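A quick note: this is a predicted structure, and the numbers were derived from the prediction, not measured. Throughout, protein chains are lettered first and strands after them, A, B, ... in sequence-line order, and every chain is numbered starting at 1.
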2 protein chains.
Amino acid sequence: MEPVSAEHVTTFRRFNRYFTRRIGVLDDHYLGQNRPLGEARLLFEIGTGASLKDLRTRLGLDAGYLSRMVRALEAQGLVRVSVHPADSRLRLAELTAAGRDELAEQHRRADGLAEGLLSGLSEEQRGRLAEAVTVAERLLRLAGITVRAVDAGSADARACLAGFAAELDERFPEGYDTADLVPPARIAVFLVAYEEERAVGCGVLCAPDADTAEIRHLWVHPEARGLGLGRRVLTELERAAVERGHRVVRLDTHEVLKEAATLYRTSGYAEIPAYDEDAHASYWFEKPLPPSPPVPPPVPR
Amino acid sequence: MEPVSAEHVTTFRRFNRYFTRRIGVLDDHYLGQNRPLGEARLLFEIGTGASLKDLRTRLGLDAGYLSRMVRALEAQGLVRVSVHPADSRLRLAELTAAGRDELAEQHRRADGLAEGLLSGLSEEQRGRLAEAVTVAERLLRLAGITVRAVDAGSADARACLAGFAAELDERFPEGYDTADLVPPARIAVFLVAYEEERAVGCGVLCAPDADTAEIRHLWVHPEARGLGLGRRVLTELERAAVERGHRVVRLDTHEVLKEAATLYRTSGYAEIPAYDEDAHASYWFEKPLPPSPPVPPPVPR
DNA sequence: ATATTTCTTTGACTTTAGTCAAAGGAAAGT
DNA sequence: ACTTTCCTTTGACTAAAGTCAAAGAAATAT
């Protein structure tokens with residue numbers, strides 16, 4: 001959309017360089033006592049147990065290389081390897097007590113180093129640093145999330161709807177039945193947000209008529225909340241509605257979903273009378289859309 | 001001093017982990033086309049020219065290893081090596097045109113990646129990210145700076161005083177003569193601030209009498225400004241004064257040094273009448289010190 | 001039931017990274 | 001003038017990291 005200013009690029013790169021030089025050295029994995037970096041990383045990644053396949057993709061390693069490393073850790077008594085119960089082609093790696101001990105020691109050292117570094121600051125400054133890195137992490141995570149239109153029947157789409165329904169079921173005193181989800185046939189656009197290939201949010205656009213679009217099932221995975229992802233998906237849905245030529249978009253929400261109502265109000269939605277008798281709705285909102293299609297974006301690249 | 005809260009350690013470590021995983025991969029040096037990381041780093045570090053000795057300490061490499069790598073780059077036509085004009089034991093490495101081209105390409109790629117990442121955010125979010133990383137970088141730099149008492153005649157002490165004098169000479173219309181510096185014999189404590197072994201600031205404590213301490217030549221290297229280092233050195237000087245049993249500390253400053261007066265005022269100093277006729281002073285300040293020695297700190301560790 | 005795909009293991013490599021010690025030329029200390 | 005220290009080069013290594021291909025066992029597709 002907007003071009004990225006050179007100043008922001010410079011600032012960000014300066015930080016990257018400084019940070020990797022200063023802190024990268026104090027990276028957790030370099031603290032694996034006398035262990036080669038690869039093994040230390042592997043130990044860390046196995047954590048509470050993982051299949052070799054997972055480890056391979058997570059660490060981006062060659063299959064042969066990984067196999068040997070895991071066997072080396074096994075020979076050292078740090079890891080136990082078993083056949084995966086569900087699929088006997090897979091191997092499952094888990095830490096032994098000794099492995100957990102070493103990992104714990106690794107964490108203790110990392111804590112010690114971080115503590116040493118932070119001790120050079122006053123408590124107030126530490127607070128400001130903590131806040132700054134929290135903000136930076138949130139924004140970096142958000143920047144790495146992509147929102148894509150997917151088939152409403154795809155596994156990711158269904159997983160998101162299941163997450164959405166499970167959460168409403170918990171939040172509503174009367175529960176929530178997956179039958180109340182919008183039927184796939186009525187879905188015009190299904191957006192899924194991906195964070196590193198994991199589906200972490202969704203939103204559905206329906207088209208009750210040519211003028212009107214309706215947004216439903218806007219949901220963000222609990223682990224991806226607080227990043228501003230809800231707003232991002234909402235914006236993308238509106239963009240899709242504009243592209244499809246709708247002139248107004250409406251949606252409903254319920255008072256138990258406080259954050260939602262705030263999001264809609266601050267996104268230009270105005271409350272309107274009920275347009276249906278959804279049992280799970282207590283507010284109805286509407287927002288006019290700009291004429292479609294907007295000027296085609298200048299495609300910076 | 002104050003213990004570091006576990007929460008801050010956790011927050012900071014979480015960020016470290018996330019950042020090195022997400023961004024470390026996009027580290028400048030990994031962008032050295034098909035070049036081994038070591039060579040790419042070396043190319044980057046040579047930049048506008050450096051002695052092998054410098055490179056060795058900056059990169060922390062074995063002398064033999066470095067020598068071979070430089071020769072390899074030379075064989076590839078990226079680097080030119082010559083005898084150092086001032087000391088013929090040293091070798092000077094410089095980039096050739098081809099070397100500069102490759103480095104420029106490396107930078108372009110890094111810029112491109114950073115831009116791609118930032119393009120996932122709105123302009124407003126990018127601004128917030130830039131601000132957050134700027135704050136974080138400042139605080140991390142400050143945290144890495146150590147302030148130590150050194151001999152007033154040491155090279156670092158003299159280098160700082162020279163920097164201080166040169167700056168005043170430039171700022172004062174009438175100039176500043178190094179003869180106006182406090183004579184070494186009258187220096188009770190000389191503190192130097194080190195950032196990664198580089199002297200980046202200083203402060204002098206004199207002791208006109210048993211009750212009174214006087215702070216002079218408080219200075220921070222231009223490249224280390226904005227970190228809060230001036231306040232840090234000031235605090236350390238006051239601590240030294242308390243330890244030595246002084247009951248009050250005074251200092252003077254001049255109106256052309258605006259930042260200084262603000263620092264003193266916000267550090268508990270009150271303006272007092274002139275206690276000398278220093279040509280470079282237009283304000284005089286004083287601050288009472290707590291009784292000495294303060295309760296010995298609880299030494300957390 | 002057969003072919004194809006997926007996942008892991010093994011063997012046989014290469015490249016990168018790094019260490020250590022000896023040696024020689026140049027500068028600095030005495 | 002001398003010894004000592006500093007800086008670089010060279011030889012002779014080792015360890016870590018990574019690649020590629022073949023092969024076998026298990027699951028999936030046809």
Student: With a sphere of 6.0 Å drawn around CZ of B/Arg225, does it hold more than 12 non-hydrogen atoms of other residues, nucleotides or ligands?
Tutor: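 Yes, the 6.0 Å shell around CZ holds more than 12 heavy atoms from other groups.
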Student: For B/Leu140, which of A/Leu118, A/Leu117, A/Leu121 qualifies under side chain to side chain contact (heavy atoms under 4.5 Å, CB included)?
Tutor: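 Output: one option passes, namely A/Leu117.
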Student: Indicate whether OP1 or OP2 belonging to C/dG25 is found under 4.0 Å from a side-chain N or O atom of B/Ser88.
Tutor: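 The answer is no; no side-chain N or O of B/Ser88 sits under 4.0 Å from OP1 or OP2.
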Student: Which whole-number value in Å describes the distance from B/Leu73 CG to C/dA17 C1'?
Tutor: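 To the nearest whole Å, that distance equals 15 Å.
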Student: Distance check needed: C/dG18 C1' versus B/Arg41 CZ, whole Å only.
Tutor: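 Whole-Å distance recorded here is 12 Å.
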Student: In whole angstrom, give the distance that lies between atom NZ of A/Lys53 and atom P of D/dA26.
Tutor: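 Computing the A/Lys53:NZ to D/dA26:P distance gives 18 Å.
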Student: When you measure from the side chain of B/Leu90, which nucleotide among C/dA26, C/dC7, D/dT8 comes out closest?
Tutor: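 Nearest to the side chain of B/Leu90 among the choices is D/dT8.
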Student: Specify the separation, in whole Å, of atom CZ of B/Arg56 and atom P of C/dG18.
Tutor: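 The answer, rounded to whole Å, is 15 Å.
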Student: Salt-bridge test for B/Arg109 and B/Glu105: reply yes if a basic N is under 4.0 Å from a carboxylate O, no otherwise.
Tutor: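 Yes.
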Student: Salt bridge or not between A/Arg14 and B/Glu137? Use side-chain N to carboxylate O under 4.0 Å.
Tutor: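 Salt bridge between A/Arg14 and B/Glu137, a charged N being under 4.0 Å from a carboxylate O: yes.
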Student: Hey, can you pull the residues of residues 57-68 of chain A with a non-hydrogen atom under 4.0 angstrom from DNA chain D?
Tutor: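 The stretch gives A/Asp62, A/Tyr65, A/Arg68 as the residues lying under 4.0 Å from the strand, ordered by number.
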Student: Does a side-chain N-to-carboxylate-O contact under 4.0 Å join B/Glu196 and A/Arg21?
Tutor: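 Salt bridge between B/Glu196 and A/Arg21, a charged N being under 4.0 Å from a carboxylate O: yes.
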Student: Using whole Å, what does the distance between atom C1' of nucleotide D/dA25 and atom CG of A/Asp87 come to?
Tutor: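 Rounding to the nearest Å, CG of A/Asp87 and C1' of D/dA25 are 11 Å apart.
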Student: Separation of A/Glu39 atom CD from D/dA16 atom P, in whole Å?
Tutor: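 Value for this atom pair: 8 Å.
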Student: Output the rounded distance in Å from CG (A/Asp54) to P (C/dC7).
Tutor: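 From A/Asp54 CG to C/dC7 P: 10 Å.
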Student: Counting N and O atoms only, with roles assigned by atom type, does the side chain of B/Arg56 sit under 3.5 Å from a partner on the main chain of B/Leu66, one being a donor and the other an acceptor?
Tutor: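 A pair under 3.5 Å: no.
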Student: B/Asn34 has an atom CG; how far is it from atom C1' of D/dT19, in whole Å?
Tutor: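 For the pair B/Asn34 CG and D/dT19 C1', the rounded distance is 15 Å.
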Student: Using a strict 4.0 Å threshold on nitrogen-to-oxygen distance, state whether A/Arg198 and A/Glu195 make a salt bridge.
Tutor: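 No, no charged N to carboxylate O under 4.0 Å.
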Student: How are the rings of A/Phe12 and B/Phe19 set to each other: parallel, tilted or perpendicular (split at 30° and 60°)?
Tutor: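 A/Phe12 and B/Phe19: perpendicular rings.
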Student: Look at the rings of B/His217 and B/Phe164 and say which category their plane angle falls in: under 30° parallel, 30 to 60° tilted, over 60° perpendicular.
Tutor: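 Tilted.
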Student: What residues in residues 76-86 of chain A put a non-hydrogen atom under 4.0 Å from any atom of DNA chain D?
Tutor: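 Per residue number, the list is empty: none.
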Student: Identify which nucleotide among D/dA26, C/dT16, D/dT5 has an atom closest to any side-chain atom of B/Arg89, counting heavy atoms from C-beta outward.
Tutor: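 In terms of side-chain proximity for B/Arg89, the closest of D/dA26, C/dT16, D/dT5 is D/dT5.
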